[in-house]
Each structure stands twice: as C-alpha cells, then as structure tokens.
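Just the heavy atoms: all of them, side chains too, but no hydrogens, waters or symmetry mates, feed the values below. Residue numbers begin at 1 in each chain, while the letters A, B, ... track the order of the sequences.
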Amino acid sequence: MHGLSVYQITVMRYLNWPLSYVTSYIRESQLRNTGPFNLGLLRGASFTAHNLFDKSPESHVVAIHDNEYEVLTSFIHGNRLDKKPSKFELCTALNCCAKTQNPFLGSQIHAKILNLGLDQNLYINSSLVNVYAKSGAIVDAMRVFNEMESHDQVSWTSIISGLSQNGHGKEALCLFKQMLKTQVVPNSFTYVSVISGCTEQESVSKCVELLHAHVMKLGHESNKFVISSLIDNYSKSGKIDKAVILFEAFKMKDDILLNSMISAYSHNLQGENALKLFTKMHNANVSLSEHALTSVLDACGALTILQQGKQMHALVTKMGSNQNTFVIGALINMYSKCGNINEASQVFDQTLYKNNILWTSMMSAYAQSGRGLEALEIFDMMEKENHFTPDHVCFTVVLTACNHSGLLEKGIYYFEKMKSHYNLVPEVDQYACLIDLHARKGDLESARKVFDEMPYNANAVMWSSFLSSCKEYGNVELGREAAYKLFELEPNSPVPYLILADIYNGAGLWSEVRNIKKLMNENGVRKCVVGWSWVEVDNEVHVFSVGDSCHPRSEEIYFELRKINFEMMSKTVFDSFRPE
DNA sequence: GTAGGGTTAG
C-alpha cells in the first residue's frame, strides 16, 4: 500500500529505528486501516514522525493513535462548520474512538447520532457498542445494545466480545445463549469472542467443549482464529492434550497458530515441546515473529535453561528485534528466572524506549530475587522519567518488594502515594499486600483493620496469608477468626484446621486442639495434605507441620516435633506419608 | 461506492 510505505519511510528517516520495531506496528495498521483511514495515515505521516521523535517511551503507540486523532480532528472540524456528518463518517469516527479508547468523544458523537435520528442504524450501533466496550464502559455498551430494535450477527458479536474483553465471560456466555434463541446464527467471529471469554474463568470453562462441538458442527474448524482461541482456552485450563490435537489437525499453520501452541506448551510447563516446535519452525523457514520469540523465551525461563535462553537472545539480536518491548520483557523475565539478574538489568539498560511494563518486569526481577531495595530504587528512577504512569500491577510489585524486605513504613508510603498521587483506586491485590505488610511485621491488629476498611470481600488467599501470620506470632483470637472464615470459603481444605490446631497447640490449649480434630471429622474434611500430622501424646492431640520426609532437609521435622521423642516421631511421620 | 465484530504478551 502506497500510503503505508510513505509512512514507513518518513518514520525511518526521522528516527533511524530498527526495521522490525516499526514494521510490527505498520503491519498492524495495514490490517486495521482501510479507506479514508489510509489517507489520514498518509497525511499524518510527518506529523506522526515528529511525535515519535518528541515523546519517547510509548510514543509509537501514541503515534498510531495520532492517525485516528487526525480522522477525529477533521470530523470535529466538520462538525464545527455545521456540516452534517454522513452515516459513514459517523461510523469511521466511532471506530477511531474505539481504537483510541475515547468514550468521551464517543458519547458526544452518540448525542449527535440521537440528534440526527440515526439511532437505529445497525452499523452505527455496533460501532457504539464497540466504543463503550473497548473503553471498559460495559454498562453503556449494554444500554446501547438493549435499546436496539433489531440485532444482526455483528451487533450480537460486538456485545459478546465487549463482555469477554472486560472479564465478564459468564455474561458473554449468557448473551450467547440468548443469541441462540433468535434467528441470528452465530458466525466464527462470535465463537472466537465467546470462547476467549471463557478462558481462565473456572465457572464457564466446562462450556468450552460444548462450544467446540458447535464449532465442529457449523464447520468453523478451518478458521484459524477459532482454532487459536480454542488452543489458548484448552491450554490455559490445563487440557494441553486437546490443544495438541487441534493444532496437529490444522493444515494451514501460520505464525499466530504456532505461537499459540508454543505458549500453550510453555503455560503447561512443557518447555521442551515449546522449544522443539520453535526449532521446527525455524528450520522450516517459517517467518519467525516477535510473538514466537516472546513465547519461546518464556519457555526457557520456565525451564531455567540459561544456555538456550542465551541462544535465543542471540537470535533476537540477529533478527533485529532487540528493541521490541514484548521481546525485551520476555528476555528480562527469562534472565531473572534463570537467576541471572545482572544480565536482565543489562538488557533493560540497553533498551531505548522503556514502557511501564518493562519497568515493572525489571522491578519484579529484583523483588523476586530478594533485592527489594533495588526494586524500589527502580521505582524511584521511573518516577523521574516523563510519561510514566504506574498501574495496579506495578504497585503490586512495589508493595511485594517492600513486603519481602520487611519495609512496612515504605510500603504504607507507596500505598498512599498510589491513591493520592496517581489517582489509582486500590484493588484487592494491593490491599492483600498491605495486609501482608502489617501482618508479617507482627502488627496483626492493623492488618485486621484493613480487612474491614477495604471495599472488597476478602478472598481465601488473603485470609490464608493472615492466618499464617497469626500462627507465626501465636495470636489465638485473630487466628481463630481467620480459620473460621476459611472453613466457609474453602470447605474442603484441611489446611486452616491444621494451622488453627497448630496455633492452639503453641498456646498449650490441648483441649481446643482436640475440638478441632473433632470438628474436622464432623465437617467431613480429610486430612490428606503433605506436611502435616497429628500426634497423640499422653492423651493429648498435637498437630505438627512435618515438612517433606523425602526432602534432604527433613531435619526440620525434628524441630517441629520437638515435643515428641524420636521413635514416636519417625513412626508418625511415615504414617502420614503413606499413600491413602 | 463509502460503515460495524475476532487470536498470541507484565
């Protein structure tokens, strides 16, 4: 396409960037941009390049959006001249709002649409649904959808994909079921949307096999989008075998499908297979995309094989992908998982355009290797950069770093800063970190207060972690409360019973220990967890965490079983490890 | 004649 090559040349001339860095975005534009949009791209080229040049970190993303900006500017200009926009112009403008995630302009255009009496146009309404859904305003998207008099494949798919992409897989599935009751038959787009919505959602993951059956019946098996969403779904719910069968059966394997399969292997801890597939691709001269590099680097990290990881790094350099943010992120993760934090930091330092995901990855690398203070130094460095916008994930890493290094005051400082300085509303994850911060320092009362103060229901992970701290500091009262919460939240888990018993045990409350054992029996909870055991001495029940008897450091068992003599201990330990 | 929905990554 002529327009795109001008764009490409202009960008290259201004910036002299590695080809792969620019082309990945150009490729993306080529897919998305048609018609008038390309004109915008052409006209926007030099303007865009200036922008790329001026703003550094995430400017390439902004730049692509600037073309949408161009379309929107001319739309607004026409509006100021009281020019009546056509249906087509309205659609294009809405499309740009969706891509730039601008619900504000979108709702202004929405008002104009109502004003012009075009609110029953199917094209316009699908675009509106898409604008709201892509900006996360799912309620508005639903409202537009519900107010439509008739629906077609596209409008149904728009709302279903909107729900999916906003993490409402269950609702997406519900609407899909409603769609089946109508005359409108779902197409491959619809199946991709509903299947991807069911990914990583336990409550709906069972439906995927049913959807798969639909796909087969309706003949969408030859659609690569459908197949890759199925592969992704199966692999993320641990059904790697099904993913493999789909992959093997699919004839036209393109790079995206191969990438889906490589990350499927990687997710399922089958790093060897991921590497094998990658090598096969490489030898067969399939064009290697940066996605493939990202997935295979992930696999190297998961397998902690530094040697292969380094080879991949060499390949990255050879392919000229050493400025692709995704690849760099994967390199940083790989090196840090292989314990080579210096190499990770070297990759990071050599990166010209660091976005907040990369900063976060680097911080996480330090935090995970127990270098919390250095992680925080990185955060402070980031703050000095322009265009830096830390998000929730970033703060989770910061707070975790504080947590691992026992920096309570600093943790509280960052938590407050997140709210006041960055206007972020803390999510469950960050509250969980805050609770952990207090609890690990032994300030159980303050930790308990956070449970009440936060506007969320605490989940099992939070109560479990709190319970462990109660055990650590021997707080019977709060420990009891946490354990009883967990009895409700995880009725089949023996762990909270055992920890509470351990707390009672530490406080010498033998009769309470006995009650817990009784309660466990009454509630039908089976004690089948490795590392815990009951021991009776002089008619008193004691509970111990016994560690792993096969582990070379099973001396820990001796320590935990300090109240019992050696003979009795070894008997009990081996009893508890006998397979049931 | 021109317009709307889909896969992989912290």
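- Across all strands shown, Asn130(A) has heavy atoms under 4.0 Å from sugar-phosphate atoms exclusively, and none from any base.
- Using a 4.0 Å heavy-atom distance criterion, Ser295(A) is classed as making no nucleic acid contact.
- Within the 4.0 angstrom heavy-atom criterion, base atoms lie near Thr360(A).
- Residue Lys236(A) places at least one side-chain N or O closer than 4.0 Å to OP1 or OP2 of dA9(B).
- Nucleic acid contact class of Ser86(A) (heavy atoms, under 4.0 Å, all strands): none.
- Under the 3.5 Å distance criterion, with hydrogens and angles disregarded, no donor-acceptor pair is assigned to the side chains of Ser266(A) and Gln270(A).
- For Tyr123(A), counting side-chain heavy atoms from C-beta on, the closest listed nucleotide (dA3(B), dT8(B), dG5(B)) is dA3(B).
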Quiz item: Yes or no on ring pair (Phe, Tyr, Trp, His ring centres under 6.0 Å) for Phe176(A) and Tyr191(A), after CA distance, side-chain angles and deciding distance?
Solution: CA-CA 9 Å; Phe176(A) 176 76; Tyr191(A) 280 101; 5.3 Å; yes
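- With hydrogens and angles ignored, a donor-acceptor pair closer than 3.5 Å exists between the side chain of Asn121(A) and the base of dA3(B).
- Nearest to the side-chain atoms of Gln165(A) among the listed nucleotides dT8(B), dG5(B), dG6(B) stands dG6(B).
- Counting non-hydrogen atoms of other residues, nucleotides and ligands closer than 6.0 Å to NZ of Lys87(A) gives a total of 12 or fewer.
- Using a 4.0 Å heavy-atom criterion, one finds that Asn125(A) contacts no nucleic acid atom at all.
- Atom CG of Asn233(A) is separated from atom C1' of dT8(B) by 14 Å (rounded to the nearest Å).
- Nearest nucleotide to the Ser260(A) side chain, out of dG4(B), dG5(B), dT8(B): dT8(B).
- Across all strands shown, Leu122(A) has heavy atoms under 4.0 Å from base atoms, whether or not it also approaches the sugar-phosphate.
- Here the nucleotide nearest the side chain of Ile357(A), chosen from dA9(B), dG10(B), dG5(B), is dG10(B).
- Residue Gln153(A) places no side-chain N or O under 4.0 Å from the OP1 or OP2 atom of dG6(B).
- Side chain to side chain, Thr190(A) and Thr157(A) meet the donor-acceptor criterion of an N or O pair below 3.5 Å.
- When distances run from any side-chain atom of Asn223(A) to the nucleotides dG6(B), dG10(B), dT7(B), the shortest one goes to dG6(B).
- The closest side-chain donor-acceptor pair between Glu290(A) and Ser321(A) falls under 3.5 angstrom.
- Side-chain to base pairing of Thr157(A) with dG5(B): one donor and one acceptor N or O lie within less than 3.5 Å of each other.
- The aromatic ring of Phe88(A) does not stack onto the base of dA3(B), failing the criterion of a centre distance under 5.5 Å from the six-membered base ring together with planes under 30° apart.
- Side chain of Ser193(A), nearest nucleotide from dA9(B), dG4(B), dG6(B): dG6(B).
- Closest approach to the Lys87(A) side chain among dG10(B), dA3(B), dG6(B) is made by dA3(B) (side chain taken as heavy atoms from C-beta onward).
- Distance from the side chain of Phe189(A) is smallest for dG5(B) among the nucleotides dG5(B), dT7(B), dG4(B).
- Side-chain atoms of Cys96(A) and Phe75(A), non-hydrogen and from C-beta on, never get closer than 4.5 Å to each other.
- Here the nucleotide nearest the side chain of Ser361(A), chosen from dG5(B), dG6(B), dG10(B), is dG10(B).
- For Asp152(A) and dG4(B), a side-chain-to-base donor-acceptor distance below 3.5 Å is present, hydrogens and geometry of angles not being considered.
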